[in-house]
Amino acid sequence: MADEIYKRVLELNQLLKRYNYEYYQLNESSVSDQEYNRLMDELIELETLYPQYKLPDSPTSHVGGSYSSEFNKIRHNVPMLSLSNVYDENEIEQFNHRVEDALVHNQKYEYVCECKIDGLSISLVYKNGRLVQASTRGDGTIGEDILANALNIDPIPKTIDYDKDLEVRGEVYMSIETLNKLNEIRVKNHEAPFANCRNAASGSLRQLDASITRDRHLDVFLYTLVEPKKHQIHTQYDALMFMKKLGFPVNEEARICKNTSEIFKFIDRLGQKRDSLAYDIDGVVLKINELDLYETIGYTAKAPKWATAYKFPPKEMTTRLLDIIFTVGRTGRITPNAVLEPVKVAGSTIRRATLHNEDFILERDIKINDIVVIRKAGDVIPEVVKVVKERRDNTAKDFKMIDRCPICGEPIYREEDKSDYICLNIDCPARLLESITHFASRKAMDIDGLGEANVKLFVDQGFIKSVADIYNLKNYDYEMKHLPGMGEKSVANLLQAIENSKTNPLEKLVFGLGIPEVGEKTAKILVNEFHTMDNLMNASIERLNEIYSIGEVMADEIYHYFQDKKNLELINTLKELNLNMGTEQVKEITNDSFFSNKTIVLTGTLSFIGRIEATELLESVNAKMTTSVSKKTSLVIVGDNPGSKYDKAVELNIPIMTEEEFHQKLVEEQLVLF
Ligand code: IVH
């Protein structure tokens with residue numbers, strides 16, 4: 001018996017060390033968090049019952065991670081602890097009982113419930129209001145110095161309006177939108193996509209080259225105020241408010257819960273909201289609100305006893321991949337999709353998952369009939385993560401890419417240097433269906449009653465042969481009323497919605513056109529910049545490239561979209577149909593400003609005013625805005641984290657203005673109010 005137990009302790013030590021290595025050094029893990037925590041809990045229990053078997057370097061005696069040798073080390077003044085886990089209401093009740101037992105004389109307490117953000121923890125130290133140190137948790141005692149990286153995370157305040165020394169801790173994370181964009185690029189570049197937000201955040205923060213961190217657009221939430229008494233703070237809730245007031249990003253979901261039934265309600269509510277949050281959460285952290293009770297309640301070797309983490313049921317599941325089918329998007333892109341044996345993941349039944357492209361399938365060696373791990377994160381389409389190779393049998397069938405479009409039957413082509421296959425047939429019905437549905441969708445032209453089913457119906461009936469035909473649907477008034485499921489009222493409403501859409505703001509139309517790479521936000525930026533469709537259509541590639549938030553690939557796609565005859569024809573028809581094409585802004589150009597007639601370059605991030613707005617303001621006083629510094633430059637305005645343009649300006653002895661000076665000048669000149 002004793003032998004058996006010792007064997008299990010050794011086994012657990014080995015497993016957990018391997019998983020720690022995978023998680024902290026390789027930024028990936030072969031087990032779910034739940035499985036990891038179960039194993040850790042089992043080892044803690046065995047070591048408590050049989051302390052003689054505890055190994056000196058047991059993974060239970062330090063928090064888990066070890067530190068990478070490439071970063072400088074930082075010793076935490078106060079150890080960075082981890083959290084114990086609970087998985088159901090019963091375990092929450094037990095946790096609450098343990099708290100009660102630790103307190104004497106029926107001391108009153110309440111909880112603060114917070115989102116458990118799925119990222120990695122960070123500690124930030126400020127002296128005289130300046131960020132002077134940033135570190136990862138490491139093994140809880142010694143972390144890695146990641147100040148250079150933290151300086152490249154925009155939402156981390158670099159200065160605060162507070163003189164006392166201050167240490168705050170929180171979670172660096174990657175938003176779901178950022179992860180999706182990043183993965184799309186990685187797949188296109190034949191790089192493995194990040195499996196989840198946490199891995200992506202970790203892989204992006206622990207970069208020796210901090211410029212990589214900058215490009216990854218990380219975010220942060222702060223949730224711990226270290227040594228709160230020094231700041232006269234006595235509750236966790238006040239600590240959150242205090243940090244928020246100082247300008248730190250603090251998660252908005254935190255609530256005080258007076259008892260376990262309020263905690264259950266909070267968990268329920270957050271569970272429902274989880275998929276609509278912009279970031280990934282894997283549970284709820286329960287913390288006692290009264291900080292003064294922490295010492296009394298106490299600590300275990302690796303975690304406080306006054307807090308615990310409730311973990312949501314996993315979002316990853318295994319199921320059988322029954323078949324691979326292909327869909328055609330509005331740009332003609334062919335996507336392979338897994339047909340799955342239906343499986344419940346985080347509350348919804350999954351039947352399909354994206355397989356991205358041919359390379360994704362071949363690199364992961366995915367075969368039909370394999371058992372696969374699938375994952376659903378946020379609002380995104382579920383995806384196949386990997387194959388469980390051990391469960392492959394002789395029914396497994398090799399995947400073969402198709403060579404003709406599944407909808408129109410025309411040959412398909414693989415784009416040069418890319419992983420996607422494209423159906424080039426511009427009249428392919430799949431493209432038409434997708435582009436019309438997108439045009440009419442809520443975020444685009446918002447035509448109520450023109451969803452996928454009706455679009456298909458009207459296309460099948462021959463009422464619509466192009467996007468512009470939407471506006472001629474009124475000619476089929478009689479026929480539409482007699483279609484199954486349609487009636488007098490619904491047709492009248494639909495035709496009215498179509499008419500109303502003509503006056504939509506231009507950005508909705510620009511988004512609705514379905515220009516590759518142009519999402520809702522980019523459409524807004526383009527309209528802000530060009531004001532009219534004509535200006536946008538005639539924009540040169542250099543002009544598009546000058547726009548701050550528009551990268552090279554995007555500029556290229558936009559430019560080429562407006563070179564295509566078919567697209568120009570469509571826009572002209574829409575113009576003739578009287579759709580809003582924007583109005584020219586009449587700019588009064590002043591010539592008597594400090595900035596007038598100067599050739600100006602902006603570099604770095606401006607925090608009080610957006611780059612586009614700053615450019616517009618300066619142009620309105622007849623400044624010439626350019627993107628590169630040369631001898632002809634008369635002024636360089638420098639924001640946060642300026643790049644090489646700043647060095648060039650120093651080298652060429654060009655007058656430099658800091659962001660503060662720029663702001664002050666704009667106020668002086670009454671170009672902004674404050
Ligand atoms: S409190 C001693 N609050 O979860 C208390 N942690 O599994 C330490 N985490 O290491 C942490 N969201 O990286 C706390 N609202 C939250 C959190 C949170 C995410 C992470 C943190 C911690 C890990 C423990």
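Count residues from 1 along the sequence. When a ligand or atom number is given, it counts from 1 through the structure's own listing order. The model shown is predicted, which means the values in this text are computed figures rather than measured ones.
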Going by the atom numbers of ligand 1, which of them fall below 4.0 Å from some non-hydrogen atom of Arg137?
10 (O)
Centroid separation under 6.0 Å, is that true for the rings of Tyr87 and Phe312?
no
For Lys287, is at least one N or O under 3.5 Å away from an N or O on ligand 1?
yes
Under 3.5 Å between some N or O of ligand 1 and some N or O of Thr224?
no
Using a strict threshold of under 4.0 Å (side-chain N to carboxylate O), is an ion pair present between Asp154 and Arg214?
yes
So is Ala254 close enough to ligand 1, meaning a heavy atom under 4.0 angstrom away?
no
Check side-chain hydrogen bond (donor to acceptor under 3.5 Å, both in side chains) between His356 and all other residues, then give those that pass, not counting sequence neighbours.
Glu383
Would you check whether Pro304 has a nitrogen or oxygen atom less than 3.5 angstrom from a nitrogen or oxygen atom of ligand 1?
no
For Tyr279, all residues meeting side-chain hydrogen bond (donor to acceptor under 3.5 Å, both in side chains), sequence neighbours excluded
Asn251
Ile117 to ligand 1: N or O pair under 3.5 Å?
yes
Structural part of Lys116 in contact with ligand 1, heavy atom criterion under 4.0 angstrom:
both
Quick one: is the NZ or CZ of Arg186 closer than 6.0 Å to the six-membered ring centre of Phe194, and within 45° of its axis?
yes
Centroid-centroid distance, Tyr162 to Tyr126, less than 6.0 Å:
no
Does only the side chain of Ala309 get under 4.0 Å from ligand 1, or the backbone, or both, or neither? Count heavy atoms.
neither
